[in-house]
Amino acid sequence: MVETFFRQSKTILYAKQKTILSAATVIMFMIATSRILGLIRQRLLVHFFTPGELDTYFAAFQLPDLIFEVIVLGAMSSAFIPMFAKNLAQKKDKQAWRLAGLILNVMLSLFLLISGLIFTFAYSLYDNVAQGFTPEQISQTVRFTRILLLAQMFFAASYVFTAILESNQRFLTPAIAPLFYNIAIIITTILLAPSIGLAAPVIGAVVGSFLHLAIQLPLALSLGFRPIFSLNFKNPALRKVGKLAIPRVLELSAFQAKRLVDLFLASQVLGGLTYFKLADTVSVLPVSLFGLSIAKASLPQMSRQNDKDLTGFKETFVASFRQIMFFIVPASIFIAVLRVPIVRLAFGSSKFTWDDTLQTGYALSAFCVGIFAYALSLLVSRAFYALHDTKTPVKVSFIAISVNIILGLVLVLGIKLPIWSLALSYSIAGVLQFSVLFELLSKKVHGFSGFELGISFAKVLTAASFAGSLMFVLLRVLDRSAWDKKLSFLGQLGLALPTTFDRFVLDTRYTVNLIVLTAVVGLIGLTVYLAITYFLGVREFQVFVKAIDRVPFFSPLKKIFPGPKSADPISPEPDEI
């Protein structure tokens with residue numbers, strides 16, 4: 001029985017996702033699970049430590065993340081996956097696997113070189129960037145940074161395997177890997193935080209990154225990956241990857257420079273970096289859940305089609321674009337409406353005060369302005385990558401990052417606005433980036449006329465706005481604290497609230513009532529949104545119906561909302577991918 005269990009588990013983990021919808025569903029589910037664990041992780045951090053103490057922990061990730069994102073993510077997403085997938089599609093397996101081995105060697109070599117420099121000069125770098133920190137905070141940040149460099153080395157290798165698996169349409173195992181990272185931090189924090197303090201989650205990050213690597217390696221080996229002992233920079237495929245990756249590396253370098261500016265600005269406010277990071281943790285959930293999952297699932301398919309099948313390429317892109325839009329627009333509006341309950345439920349603790357909740361909630365609202373733009377930009381950028389054009393997204397990103405930095409400096413240092421203004425500058429830059437990217441892609445593929453993207457966006461925005469407005473009203477009507485403030489004058493007149501008052505409202509000072517209120521308001525908002533999109537004839541509604549039809553508990557909804565009788569295909573058929 002045990003052997004059968006492991007054999008079936010292996011089959012599930014190693015299974016190939018044959019359509020964009022199935023791949024996106026797998027990625028979406030696992031991202032949701034990972035992000036929930038991420039929220040639990042952050043909740044534990046604010047349980048054990050104050051926002052002021054956590055500033056050093058979050059700051060310590062800046063430089064190690066810089067190396068990882070610039071070197072590894074820059075090459076993997078924009079260059080390696082399109083080249084590797086193309087070789088596999090052309091039955092050039094030997095060349096593909098040799099390229100994978102060379103990429104791993106190059107990634108680790110570059111990482112070791114740059115991490116050595118950061119290990120040596122970490123104190124000087126943080127002393128100049130985090131000028132709002134005390135000498136003690138800077139020393140602690142440097143200690144954590146040097147430990148986290150080991151974690152990022154594991155990630156450098158792990159994400160090569162992630163790219164290999166996704167290119168082979170194995171999305172489940174790479175999607176599971178982040179779960180182990182979060183679980184490791186959660187466990188080490190619970191067990192070790194009382195004795196060693198903030199070092200506990202830092203150690204957990206190292207353990208988690210190793211597990212992130214370990215779970216993907218067996219499947220990569222079974223597919224054909226073999227390590228090689230070579231750094232042949234003359235390899236044509238490697239040189240092509242390097243050429244394609246350079247613009248993306250420059251883009252991510254600029255983005256990391258922007259994050260250092262964020263650190264500089266946030267360090268001026270006690271707890272400011274923590275407010276910013278916690279709000280970002282919540283806002284990135286829908287971006288990853290809907291934007292990243294669908295964009296990652298679409299990239300291999302678009303890479304196979306690219307300019308050889310421009311019609312098929314546009315159909316794949318538009319189907320993915322509309323699916324992201326259908327989910328991301330209401331998600332951003334709903335999060336903005338429910339920002340305070342979400343922050344209270346996610347991070348509320350004795351060390352996280354009401355003022356901490358408000359500051360984080362304001363930052364979250366500002367992030368919500370740009371959620372849709374960043375989610376859709378993930379797809380648009382990958383469309384350029386599939387067309388082997390990595391320069392255009394980089395040029396646009398440089399403009400957006402420059403706008404972001406300038407706005408942040410003006411709003412925080414110039415006008416002296418609170419930390420939410422830093423999030424707002426990020427959102428404004430994101431909207432600009434998406435608008436320009438989409439316009440340039442449209443010109444590159446000769447437009448998207450006939451796909452009714454504008455009409456679809458208007459319908460989705462109308463439905464989401466109406467549902468969000470209703471949620472806002474319900475949240476105020478059903479929350480006793482809101483009425484207590486409005487009817488506070490009764491106490492001055494020697495009167496009290498009606499005795500039947502508690503029958504109609506919830507006292508959200510209690511966690512259970514807050515959960516009930518948030519769930520009820522959210523469910524009503526979702527139901528209204530789905531009903532309106534159904535009656536407006538939004539084609540992507542059937543994506544939702546198709547997904548929930550597989551879950552017996554939700555199957556009655558299909559009878560209520562059967563979906564349009566005819567519509568564009570949600571994704572290519574299995575034999576097209």
Side-chain angles (χ1 to χ4, degrees), residues 10-11 13-20 23 71-112 154-174 177 212-246 248-249 296-309 312-313 382 385-390 572 574-577:
K10 181 179 178 181
T11 301
L13 282 173
Y14 290 11
K16 184 177 183 179
Q17 285 71 50
K18 297 182 179 180
T19 66
I20 292 177
I71 296 178
V72 181
L73 290 187
M76 293 301 103
S77 62
S78 63
F80 176 66
I81 290 180
M83 284 293 298
F84 187 77
K86 184 178 179 180
N87 281 334
L88 290 179
Q90 295 175 352
K91 307 301 182 183
K92 299 179 180 178
D93 291 9
K94 185 177 180 179
Q95 294 93 319
W97 291 115
R98 179 165 182 79
L99 173 62
L102 288 172
I103 282 290
L104 178 61
N105 294 344
V106 171
M107 292 296 102
L108 291 177
S109 299
L110 288 175
F111 184 87
L112 288 172
F154 290 134
F155 274 133
S158 183
Y159 270 81
V160 174
F161 299 130
T162 296
I164 289 172
L165 301 185
E166 290 179 351
S167 297
N168 282 276
Q169 295 173 251
R170 267 72 173 187
F171 293 95
L172 181 57
T173 300
H212 192 285
L213 166 65
I215 192 174
Q216 297 188 88
L217 180 58
L219 178 53
L221 292 173
S222 71
L223 290 173
F225 174 81
R226 293 294 182 273
I228 61 174
F229 302 96
S230 172
L231 279 174
N232 181 13
F233 292 105
K234 295 182 179 180
N235 181 280
L238 181 63
R239 293 170 68 92
K240 180 68 178 294
V241 169
K243 183 178 179 180
L244 290 173
I246 286 175
R248 176 64 171 160
V249 168
K296 289 178 70 173
S298 302
L299 178 57
Q301 173 70 358
M302 290 191 295
S303 297
R304 289 177 174 85
Q305 294 168 325
N306 55 48
D307 53 356
K308 295 180 180 178
D309 181 15
F313 172 88
R382 280 166 173 75
Y385 302 157
L387 295 170
H388 292 181
D389 179 1
T390 57
D575 59 348
E576 294 179 355
I577 194 165

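Note that the OG1 atom of Thr173 and the CD1 atom of Ile215 stand 6.0 Å from one another [nearest 0.5 Å]. Here the CZ-CG distance, from Phe154 to Leu108, works out to 10.5 Å after rounding to the nearest 0.5 Å. Atoms CZ and CG, from Phe161 and Leu213 in turn, are 6.0 Å apart once rounded to the nearest 0.5 Å.
With sequence neighbours excluded, the residues that form a side-chain contact (heavy atoms from CB on, under 4.5 Å) with Leu110 are Ile71, Val106. By the side-chain contact (heavy atoms from CB on, under 4.5 Å) test, Ala100 is found to be paired with Phe80, Phe84, Trp97, Ile164, Phe225, residues two or more places apart in sequence or in another chain being considered. Considering only residues two or more places apart in sequence or on other chains, Thr162 meets the side-chain hydrogen bond (donor to acceptor under 3.5 Å, both in side chains) condition with Gln216. A search for side-chain hydrogen bond (donor to acceptor under 3.5 Å, both in side chains) contacts involving Asn105 returns nothing, not counting sequence neighbours. Annotation: ring-ring contact (aromatic ring centres under 6.0 Å, His included) contacts of Phe111 (sequence neighbours excluded): none.
When side chains are defined from C-beta on, Tyr159 counts as touching His212, because their heavy atoms get closer than 4.5 Å. Side-chain atoms of Pro218 and Leu221, non-hydrogen and from C-beta on, never get closer than 4.5 Å to each other.
Counting all heavy atoms, side chain and backbone alike, Val160 lies closest to Met107 at CG2-CG, 4.0 Å.
Formation of a donor-acceptor pair under 3.5 Å by the Ser222 side chain with backbone atoms of Leu219 is found in this model.
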